[in-house]
Amino acid sequence: MKKLSVIGAGNVGASTVQRLAESKFGDIVMLDVVPGLPQGKALDLMQAAPLMGYDVDIKGTNDYADIEGSDIVIITAGIARKPGMTRDDLLNINAKITRDVCGNIRQYAPKSIVLTVTNPLDIITYAAYKYTGFGKKRVFGMSGLLDSARFASFVAKEVGCSVKDVDAMVLGGHGDNMVPLPQYTTVSGIPVSEFLPKETIDRLVTRTIDAGAEIVSLLKEGSAFYAPSAAIVAMVDAIINDSARVIPTSVYLEGEYGFSDVCMGVPAKLGKNGVEKVIEIDLSPEQVAALSISEKAVRSGIEKLDLRVYEKAFVV
Ligand code: APR
């Protein structure tokens, strides 16, 4: 039986646990700093088991010892941006939380694959890569699959076709500078440009870039979690079933696409070891330029990270 741990029992964490349970991949631990929160949600989810027919254990906890021996750890712990808080404030707080989480993962689940979800995603993925020291195959982030799903859902609606027939690809950093690739977006293998005029595709690209913000402004409080948790579970599925799916993933780059020492969304083959291979595709000069802008934005955040704490606290 596999063991999966989800750090953070908020909207994204708890809906991920629900989807994982319903996928029956293995036993699940849900951890949060708030006393009672993960325990209460785990109990509720266990009481749904007889109805939904999942035979897995779900444990809610505040104690990292419970994640011991996890095969996969998913990090959703963090805070969302509050009024008056800058992106840098958010970065500093979530990076500190990530440092704490990663120290515990090193201690209790040193063989695990770590999937990051907390925002700002690519910067937090970089931090987790550094703080765990697990290597690029075992530490990577979920974002491109979510952005691609958002783009695919808009395309399907506009074309009036099944979402099952749409394949979309979004690369780069998860944020205002993400790089949707309409050229690699197809409906049953047919380029989307055969179905929609350029102006419509451009509008859908812009809507994809703003998709997270569109939901935040509608919800008034909190951010998206149904699609994010669905994307997380698709990535976990690829790992658990060693399916070699090619999924846009935020990965630590070492020269791929001309970038080094940065994490960013690129197509990657996922399997039982995590990132089995980064796939390099030919990009147009415009796409390369867009990717460079994205990379600069991520790198400026990375430069603000306090990695010294890692050296002091966690170097063995
Ligand atoms: N350790 C464990 N859990 C923590 C810690 C910590 N040090 N700090 C905060 N948490 C928990 C909070 O108690 C809360 O329950 O993380 C949870 C976050 O939940 P929400 O506020 O509901 O946020 P959510 O919508 O789930 O988003 C989580 O994922 O998509 C990203 O941008 C999103 O960064 C955010 C993250």
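Numbers here simply count residues along the sequence, with the first being 1. When reading the values below, keep in mind they use all heavy atoms of this one structure, side chains included, and skip hydrogens, waters and symmetry mates.
A side-chain N or O of Thr116 and one of Thr125 form a donor-acceptor pair less than 3.5 Å apart. With no hydrogens or angles considered, no side-chain donor-acceptor pair links Glu68 and Gln107 at under 3.5 Å. A donor-acceptor contact closer than 3.5 angstrom is absent between the side chains of Thr132 and Arg106. Asn62 and Gln39 are linked by a side-chain donor-acceptor pair at a separation below 3.5 angstrom, with hydrogens and angles left out of the test.
Rounding to the nearest 0.5 Å places CG of Leu31 at 10.0 Å from OG1 of Thr76. Rounding to the nearest 0.5 Å places CG of Asp282 at 6.0 Å from OH of Tyr184. Atom-to-atom distance recorded for Met178:CE and Asp210:CG is 8.0 Å, nearest 0.5 angstrom. In this structure, Leu171 CG and Ile281 CD1 are separated by 5.5 Å, a value rounded to the nearest 0.5 Å. Atom CG of Asp27 is separated from atom CG of Leu20 by 11.5 Å, given to the nearest 0.5 angstrom. Summarising the geometry, atom CG belonging to Leu307 is positioned 11.0 Å from atom CD belonging to Glu303; distances are rounded to the nearest 0.5 Å.
The nearest pair of heavy atoms linking Asp122 to Gly265 is OD1-N, 3.9 Å. Residue Ser294 comes nearest to Asn177 through the heavy atom pair OG-O, 2.8 Å, listed as atom of the first residue, atom of the second, then distance. Looking at every heavy atom in both residues, Pro182 comes nearest to Val192 through O-CG1, 3.7 Å. When all heavy atoms of Arg19 and Ser229 are compared, the closest pair comes out as NE-OG, 2.9 Å. For the residue pair Pro267 and Val246, the shortest heavy atom distance occurs at CB-CG1, 4.0 Å. Considering all non-hydrogen atoms of both residues, Ser250 and Ser143 come closest at CB-OG, 4.4 Å.
A heavy-atom distance below 4.5 Å is not found between the side chains of Ser70 and Ile113. Looking at Ser292 and Phe259, their side chains come closer than 4.5 Å, going by heavy atoms from C-beta outward. Within the 4.5 Å cutoff, the side chain of Phe25 has no heavy atoms near those of the Val56 side chain. Side-chain contact check for Leu115 versus Ile239: every heavy-atom pair is 4.5 Å or farther apart. Here the side chains of Ile74 and Ile232 are in contact, with some heavy-atom distance below 4.5 Å. Side-chain contact between Phe140 and Leu270 is present, with heavy atoms from C-beta onward closer than 4.5 Å. In this structure the side chain of Ile124 never reaches within 4.5 angstrom of the side chain of Asn119, judged on heavy atoms. Counting heavy atoms from C-beta outward, Ile7 and Val73 have side chains that approach closer than 4.5 Å.
Formation of a donor-acceptor pair under 3.5 Å by the Ser260 side chain with backbone atoms of Gly255 is found in this model. In this structure a side-chain-to-backbone donor-acceptor pair under 3.5 Å is present from Asp71 to Lys3. The main-chain N or O of Ser243 is never found under 3.5 Å from a side-chain atom of Asn241 such that the two would form a donor-acceptor pair. Under the 3.5 Å distance criterion, the side-chain polar atoms of Glu256 are left unmatched by any main-chain donor or acceptor of Leu253. Remark: side-chain polar atoms of Arg245 are not paired, donor with acceptor, to backbone N or O of Met235 under 3.5 angstrom. Thr61 contributes a side-chain N or O that, together with a main-chain N or O of Asp63, makes up a donor-acceptor pair within less than 3.5 Å.
Among pairs with a residue in residues 50-61, those fulfilling salt bridge (charged side-chain N to carboxylate O under 4.0 Å, His left out) read Lys59-Asp66, at least two apart in sequence or across chains.
In the hydrophobic cluster analysis, where Ile, Leu, Val, Met, Phe, Trp and Tyr join through side-chain heavy atoms closer than 4.5 angstrom, Val275 is grouped together with Val117. In this structure, Val155 is not a member of the same hydrophobic cluster as Leu145, with clusters built from ILVMFWY side-chain heavy atoms closer than 4.5 Å. No single ILVMFWY cluster, assembled from side-chain heavy atoms under 4.5 Å apart, contains both Val179 and Val170. Each of Leu146 and Ile209 belongs to its own hydrophobic cluster when Ile, Leu, Val, Met, Phe, Trp and Tyr are linked at side-chain heavy-atom distances under 4.5 angstrom. Taken together through direct or relayed side-chain contacts under 4.5 Å among Ile, Leu, Val, Met, Phe, Trp and Tyr, Val33 and Ile105 form parts of separate hydrophobic clusters.
With sequence neighbours left out, Asn94 forms a side-chain hydrogen bond (donor to acceptor under 3.5 Å, both in side chains) with no residue at all. Lys272 meets the side chain to side chain contact (heavy atoms under 4.5 Å, CB included) test with Asp242, Glu276; sequence neighbours excluded.
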Quiz prompt | Chi angles and distances behind the side chain to side chain contact (heavy atoms under 4.5 Å, CB included) call for Thr185, Asp167 | solution = CA-CA 5 Å; Thr185 299; Asp167 265 321; over 6 Å; no
Exercise. List the steps and the verdict of side chain to side chain contact (heavy atoms under 4.5 Å, CB included) for Tyr257 and Val288.
Key: CA-CA 8 Å; Tyr257 292 92; Val288 172; over 6 Å; no
Practice problem: Would you please test Val266 and Thr249 for side chain to side chain contact (heavy atoms under 4.5 Å, CB included) and show each step? | Solution: CA-CA 6 Å; Val266 292; Thr249 303; 5.9 Å; no
Quiz prompt | Test side chain to side chain contact (heavy atoms under 4.5 Å, CB included) applied to Leu196 and Leu204, step by step | solution = CA-CA 10 Å; Leu196 300 173; Leu204 301 186; 3.9 Å; yes
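Enclosure of atom NZ in Lys136 by more than 12 non-hydrogen atoms of other residues, nucleotides or ligands within 6.0 angstrom is indicated. Heavy-atom contacts from other residues, nucleotides or ligands closer than 6.0 Å to NZ of Lys137 number more than 12.
Between Tyr252 and Tyr129, the distance separating the two ring centers is shorter than 6.0 angstrom.
For Glu158 and Arg203, the salt-bridge test passes: some basic side-chain N is under 4.0 Å from an acidic carboxylate O. Taking the charged nitrogens against the carboxylate oxygens, Asp100 and Lys96 have no contact shorter than 4.0 Å, which rules out a salt bridge.
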